[in-house]
K.L.:
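One structure is given below, represented as structure tokens, and several questions about it will come after.
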Amino acid sequence: MYHLAKSVYQQLTRKEEYSVLILGLDNAGKTTFLERLKGEFGGKSLPPERINPTIGQNVGHVIVDGMHLKLWDVGGQENLRTLWNAYYAECHAIVFVVDSTDRERLEECKNTLKEVVVNEATEGIPLLMLANKQDCEDSMDVVDIIEIFNKIAEHVSARDSRVLPISAKEGTGVGDAGRWLAVRLGRVPV
Ligand SMILES: Nc1nc2c(ncn2[C@@H]2O[C@H](COP(=O)(O)OP(=O)(O)OP(=O)(O)O)[C@@H](O)[C@H]2O)c(=O)[nH]1
Ligand SMILES: [Mg+2]
């Protein structure tokens, strides 16, 4: 009887959790975005000046509109990108962060995103691209970023994708990014 009651209780109080993988080149602002998202949705967060390049991974939890999200932020340095594969099977959505000021690495950024979306393991997974660092005067126009990156996402497979302008440093657009994920993930079975 105790076991039955316990299992009923667990079913009733079960929290569904969705895994979100944060990818992008090194220095794109992935960790800054994760910390800002935590702050935006009521958690404790590190200020930008205390964030260092990620060598392993950072994990954060946020609740957006009642939806529990577990965010995996992994290092974007070239030699660490081979590790991204290991996360694909378990993730429900991918956030790809782009440094909008880094014109020199735009080609590398496009190729990296392409590799992610052509991988069989990410097929059909919702993809949110963030045109970050919009607070910088020299940042690329978000319209141009949308043009470039939507083409990559759409050509590969019919998936839910979106490009949003943000400043992870100042927090602009970060709440919208969290809410986009919550809405999209509400349509995906855990
Ligand atoms: N101006 C500006 N700087 C930003 C923004 N987001 C991040 N940065 C800066 O960009 C640098 C890299 O940020 P990180 O969050 O460490 O980048 P990352 O993508 O996690 O990098 P890796 O961990 O090496 O993969 C830091 O100096 C941040 O302060 C932003 O929105 N605006
Ligand atoms: Mg990082």
Side-chain angles (χ1 to χ4, degrees), residues 19-41 43-62 64 69-88 90-91 93-117 119 122 125-146 148-149 152-153 161-181:
S19 290
V20 178
L21 181 57
I22 307 174
L23 302 176
L25 302 188
D26 48 294
N27 201 50
K30 298 180 292 298
T31 308
T32 309
F33 167 70
L34 171 63
E35 291 302 321
R36 183 60 78 170
L37 192 73
K38 281 159 54 182
E40 188 83 18
F41 291 98
K44 273 192 187 163
S45 64
L46 282 178
E49 61 275 11
R50 289 197 44 209
I51 294 170
N52 294 314
T54 308
I55 301 304
Q57 64 178 34
N58 300 302
V59 183
H61 294 263
V62 291
V64 182
L69 308 182
K70 184 173 188 177
L71 297 117
W72 301 84
D73 159 39
V74 290
Q77 290 171 43
E78 197 174 357
N79 59 332
L80 300 175
R81 288 177 213 155
T82 50
L83 303 174
W84 292 0
N85 273 307
Y87 294 84
Y88 294 158
E90 300 299 325
C91 78
I94 292 174
V95 174
F96 192 90
V97 184
V98 179
D99 179 346
S100 313
T101 67
D102 196 353
R103 289 171 175 77
E104 278 179 16
R105 293 210 297 168
L106 193 58
E107 209 49 42
E108 182 187 356
C109 187
K110 276 158 58 176
N111 292 336
T112 305
L113 174 63
K114 211 171 201 167
E115 271 185 35
V116 173
V117 294
N119 192 305
T122 67
I125 294 176
L127 174 67
L128 175 60
M129 288 161 284
L130 299 178
N132 191 29
K133 307 197 185 181
Q134 289 294 315
D135 57 288
C136 296
E137 271 188 12
D138 60 338
S139 70
M140 282 176 270
D141 198 339
V142 73
V143 180
D144 298 332
I145 293 183
I146 287 173
I148 296 164
F149 290 97
I152 298 174
S161 74
R162 180 81 188 265
V163 182
L164 288 178
I166 67 158
S167 164
K169 192 173 179 184
E170 295 188 345
T172 326
V174 172
D176 290 340
R179 284 183 285 275
W180 188 91
L181 288 169

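Start at 1 and go down the list; that is how both ligands and their atoms are numbered.
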K.L.:
Judging by distance only, is a nitrogen or oxygen of Gly76 under 3.5 angstrom from one on ligand 1?
P.N.:
yes
K.L.:
Give the residue, atom name and distance (to 0.1 Å) of the protein heavy atom nearest atom 3 (N) of ligand 1.
P.N.:
Lys169 CD, 3.7 Å
K.L.:
Using a 4.0 Å cut-off to any heavy atom of Pro53, which atoms of ligand 1 qualify?
P.N.:
23 (O), 24 (O)
K.L.:
Determine the minimum heavy-atom distance between Ile125 and Ile94, stating which atoms define it.
P.N.:
CG2-N, 3.9 Å
K.L.:
Anything protein N/O/S under 2.8 Å from the Mg ion (ligand 2)? Just list residue and atom, please.
P.N.:
Thr31 OG1, Thr54 OG1
K.L.:
Could you tell me which non-hydrogen atom of Leu164 sits nearest to which non-hydrogen atom of Ala177, and how far apart they are?
P.N.:
CD1-CA, 3.7 Å
K.L.:
For atom 21 (O) of ligand 1, grab the closest protein heavy atom and report residue, atom and distance to one decimal in Å.
P.N.:
Asn27 N, 3.0 Å
K.L.:
Look at atom 24 (O) of ligand 1 and say which protein heavy atom is nearest, naming residue and atom and giving the distance to 0.1 Å.
P.N.:
Asp26 CB, 3.6 Å
K.L.:
Under 3.5 Å, side chain of Thr122 to main-chain N/O of Val116, donor-acceptor pair present?
P.N.:
yes
K.L.:
Write down the atom of Trp84, the atom of Leu23, and the distance for their closest heavy-atom approach.
P.N.:
CD2-CD2, 3.5 Å
K.L.:
At what distance is the nearest protein heavy atom to atom 6 (N) of ligand 1, and which residue and atom is it?
P.N.:
Asn132 ND2, 3.1 Å
K.L.:
Can you name the atoms of ligand 1, numbered from 1 with element, that are less than 4.0 Å from a heavy atom of Gly75?
P.N.:
25 (O)
K.L.:
Grab the two heavy atoms, one from Lys38 and one from Val62, that are nearest each other, plus how far apart they are.
P.N.:
CA-CG1, 3.6 Å
K.L.:
Are Phe41 and Arg179 close enough that some pair of their side-chain heavy atoms sits under 4.5 Å apart?
P.N.:
yes
K.L.:
With a cut-off of 4.0 Å, which atoms of ligand 1 are near a heavy atom of Ile51?
P.N.:
16 (O)
K.L.:
If we only count heavy atoms from C-beta on, is the Asp26 to Arg105 side-chain gap below 4.5 Å?
P.N.:
yes
K.L.:
Tell me: protein heavy atom nearest atom 10 (O) of ligand 1, and distance?
P.N.:
Lys133 NZ, 3.1 Å
K.L.:
If we only count N/O pairs under 3.5 Å, is Ala168 in contact with ligand 1?
P.N.:
yes
K.L.:
Would you tell me which option among Val97, Thr31, Thr101 has the nearest heavy-atom contact to atom 20 (O) of ligand 1?
P.N.:
Thr31
K.L.:
State, to 0.1 Å, how close Gly178 and Val64 come at their nearest heavy-atom pair, and which atoms those are.
P.N.:
O-CG1, 3.6 Å
K.L.:
So for ligand 1, is Ala28 a polar contact partner (N or O within less than 3.5 Å, distance only)?
P.N.:
yes
K.L.:
Could you pull out every donor-acceptor pair under 3.5 Å between side chains of residues 47-55 and any protein atom, sequence neighbours left out?
P.N.:
residue, atom, partner, partner atom, Å
Thr54, OG1, Thr31, OG1, 2.9
Thr54, OG1, Asn58, ND2, 3.4

K.L.:
Tell me, do Leu34 and Ile22 make a side-chain contact under 4.5 Å, heavy atoms counted?
P.N.:
yes
K.L.:
Taking the non-hydrogen atoms of Cys136, is any one of them nearer than 4.0 angstrom to ligand 1?
P.N.:
yes
K.L.:
Polar-atom distance check: Asn52 versus ligand 1, any N or O pair below 3.5 Å?
P.N.:
no
K.L.:
Applying the side chain to side chain contact (heavy atoms under 4.5 Å, CB included) test to Phe96, which of Leu127, Leu130, Ile152 qualifies?
P.N.:
Leu127
K.L.:
Under 4.0 angstrom from ligand 1, any heavy atom of Leu25?
P.N.:
yes
K.L.:
Looking at every heavy atom in both Val142 and Pro165, which two are closest together, and how far apart are they?
P.N.:
CG2-CB, 3.7 Å
K.L.:
Nearest protein heavy-atom contact for atom 19 (O) of ligand 1: which residue, which atom, what distance?
P.N.:
Lys30 NZ, 2.7 Å
K.L.:
List every atom of ligand 1 that sits less than 4.0 Å from any heavy atom of Asp135, numbering the atoms from 1 in the order shown and giving each element.
P.N.:
1 (N), 2 (C), 30 (C), 31 (O), 32 (N)
K.L.:
Would you check the N or O atoms of Asp73, main chain and side chain alike, for any that come under 3.5 Å of an N or O of ligand 1?
P.N.:
no
K.L.:
Please write down residue, atom name and distance for the protein heavy atom closest to atom 17 (O) of ligand 1.
P.N.:
Gly29 N, 3.1 Å
K.L.:
Just need the protein heavy atom nearest to atom 15 (O) of ligand 1, so name the residue and atom and give the distance.
P.N.:
Thr32 OG1, 2.6 Å
K.L.:
So, do Leu113 and Met129 sit near enough that their side-chain heavy atoms are less than 4.5 Å apart?
P.N.:
yes
K.L.:
Please determine if Glu90 and Lys70 form a salt bridge, counting it only when a charged side-chain N lies under 4.0 Å from a carboxylate O.
P.N.:
no
K.L.:
Is any side-chain heavy atom of Arg81 closer than 4.5 Å to a side-chain heavy atom of Leu25?
P.N.:
yes
K.L.:
Under a 4.5 Å cut-off applied to non-hydrogen side-chain atoms, are Val98 and Phe149 in contact?
P.N.:
yes
K.L.:
Which atoms of ligand 1 have any heavy atom of Ser167 under 4.0 Å away?
P.N.:
31 (O)
